[in-house]
Amino acid sequence: MGGTLTAEEIFRRVGAVLDGHFLLTSGLHSPTYWEKAQVLQHPNYTELLCHFIVDHFRDKGVQVVAGPTIGGVILAYEVAKQLGTRAIFAEREGETRVFRRGFSISPGERVLIVDDILTTGGSLQQMVDAVIAMGGNAVGIGILVDRATQKIDTGIPLFSCHKAVVPTYKPGPETCPQCRAGVPLTKRGSSGTA
């Protein structure tokens, strides 16, 4: 399917790996930003990345694929399409995620959680909590890019299409080299942060 491109090659091919000084959703700063929207606008690349996830979890008996808004909606749909299951998504509600719009998970239903970029695991934990709150059995987590600097352990098997080694820093000149150098901070993403 789609040749032998790796996840990193796909991101680089579409110019989705950016250098600068970025504010991440987690509140941390980073010199590198993975702009998933630049990849997700290309159905052929999205299909290929999702195929990596599907190949990893194909034998896990997945019954539903769940992702967070916004990028996770596209990923959940494509992974579910390839697995022949249904796709649902969870929306932000304060500091949590909830399933709305009539989406449901039956008690014990086998759920694969998908998301785009993993940094601190906060959004991912919200998804796990939302699935468990509905009685679902989270059997796996599929991520496009794992850029976490520490291992994130939810107790659920995690697969990433690519593991990026990119530093993150707490804001401020005492901890962030870009702040110290006076590099302007860039906010990207739908919420004004990366």
Side-chain angles (χ1 to χ4, degrees), residues 1-11 13-14 16 25 34-92 97-119 121-148 152-164 189-190:
M1 171 175 268
T4 59
L5 288 175
T6 66
E8 182 176 14
E9 288 169 336
I10 291 170
F11 270 80
R13 182 174 279 195
V14 300
T25 304
W34 292 76
E35 180 53 86
K36 62 265 182 186
Q38 290 300 310
V39 174
L40 297 178
Q41 71 177 329
H42 297 282
N44 56 328
Y45 290 140
T46 302
E47 179 183 9
L48 179 56
L49 289 166
C50 289
H51 187 72
F52 297 153
I53 294 170
V54 168
D55 271 356
H56 189 81
F57 291 106
R58 187 176 305 280
D59 64 348
K60 301 301 181 199
V62 174
Q63 295 171 293
V64 63
V65 180
T69 52
I70 292 180
V73 176
I74 296 167
L75 299 174
Y77 174 84
E78 181 60 35
V79 169
K81 183 177 95 174
Q82 292 184 32
L83 285 172
T85 65
R86 64 191 176 92
I88 61 176
F89 58 86
E91 300 172 71
R92 244 185 232 291
R97 294 244 175 215
V98 295
F99 293 101
R100 296 187 183 122
R101 305 173 194 272
F103 291 142
S104 64
I105 299 172
S106 299
E109 196 166 22
R110 298 176 65 80
V111 181
L112 173 60
I113 297 169
V114 295
D115 203 356
D116 42 36
I117 311 294
L118 174 63
T119 302
S123 176
L124 184 60
Q125 189 59 56
Q126 290 173 354
M127 282 301 300
V128 170
D129 294 345
V131 167
I132 291 170
M134 292 198 83
N137 175 14
V139 296
I141 297 168
I143 303 290
L144 294 186
V145 177
D146 177 357
R147 58 167 293 151
I152 308 294
D153 186 8
T154 61
I156 300 164
L158 184 138
F159 167 80
S160 64
C161 297
H162 178 68
K163 173 63 178 162
S190 62

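The analysis underlying the following values was restricted to heavy atoms, covering all of them including side chains, and did not include hydrogens, waters or symmetry mates.
Tested against Val145, the residues Ile117, Leu118, Val39, Asp116 include a single side-chain contact (heavy atoms from CB on, under 4.5 Å) partner, Ile117. Each of Gln41, Lys36, His42 was evaluated against Gln38; a single residue qualifies, Gln41, per the side-chain hydrogen bond (donor to acceptor under 3.5 Å, both in side chains) test.
Atoms CG and CD, on Leu144 and Glu8 in that order, are 13.5 Å from each other to the nearest 0.5 Å. If you take CZ on Phe52 and OG1 on Thr6, they are separated by 7.0 Å, rounding to the nearest 0.5 Å. Remark: Leu75 CG to Leu40 CG distance equals 5.5 Å, nearest 0.5 Å. Remark: Leu83 CG to Glu78 CD distance equals 10.0 Å, nearest 0.5 Å. The structure places CD of Glu109 at 4.5 Å from CZ of Arg86, a figure rounded to the nearest 0.5 Å. A distance of 11.5 Å separates CG of Leu112 from CG of Asn137, quoted to the nearest 0.5 Å.
At most 12 non-hydrogen atoms from other residues, nucleotides or ligands lie less than 6.0 angstrom from OH of Tyr77. Within a 6.0 Å sphere centred on NZ of Lys60, heavy atoms belonging to other residues, nucleotides or ligands number 12 at most.
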Side chain to side chain contact (heavy atoms under 4.5 Å, CB included) between Ile113 and Thr154, worked out
CA-CA 12 Å; Ile113 297 169; Thr154 61; over 6 Å; no
Could you walk me through whether Val62 and Val139 pass the side chain to side chain contact (heavy atoms under 4.5 Å, CB included) test, one step at a time?
CA-CA 7 Å; Val62 174; Val139 296; 4.1 Å; yes
Let's go through Lys163 and Asp146 carefully: what are the C-alpha distance in whole Å and the side-chain angles of both, what is the deciding distance for side chain to side chain contact (heavy atoms under 4.5 Å, CB included) to 0.1 Å, and is it a yes or a no?
CA-CA 5 Å; Lys163 173 63 178 162; Asp146 177 357; 3.5 Å; yes
Run the side chain to side chain contact (heavy atoms under 4.5 Å, CB included) test on Gln63 and Thr85 for me, step by step, so that the C-alpha distance in whole Å, both residues' side-chain angles and the decisive distance to 0.1 Å come before the verdict.
CA-CA 6 Å; Gln63 295 171 293; Thr85 65; 5.6 Å; no
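By the 4.5 Å heavy-atom criterion applied to side chains, Arg101 and Glu91 are counted as neighbours. Considering only heavy atoms from C-beta on, Gln82 comes within 4.5 Å of Cys50 through its side chain.
A salt bridge does not link Lys81 with Glu47: every distance from a Lys NZ or Arg NE/NH1/NH2 to an Asp or Glu carboxylate oxygen is 4.0 Å or more.
Minimum heavy-atom separation, Cys161 to Ile53: SG-CG1, 3.8 Å. Nearest heavy atoms, Leu49 versus Phe11: CD1-CE1, 4.1 Å. Of all heavy-atom pairs spanning Thr119 and Ile152, the tightest one is O-CD1, 4.4 Å. Nearest approach of Ile88 to Ser104, heavy atoms of both residues: CD1-O, 4.2 Å. When all heavy atoms of Leu5 and Tyr45 are compared, the closest pair comes out as CD1-CE2, 3.9 Å. Taking each heavy atom of Arg97 and Ser123 in turn, the nearest pair found is NH2-OG, 3.8 Å.
In this structure, His56 and Phe159 have parallel ring planes: the angle between them is below the 30° cut-off, well short of the 60° mark.
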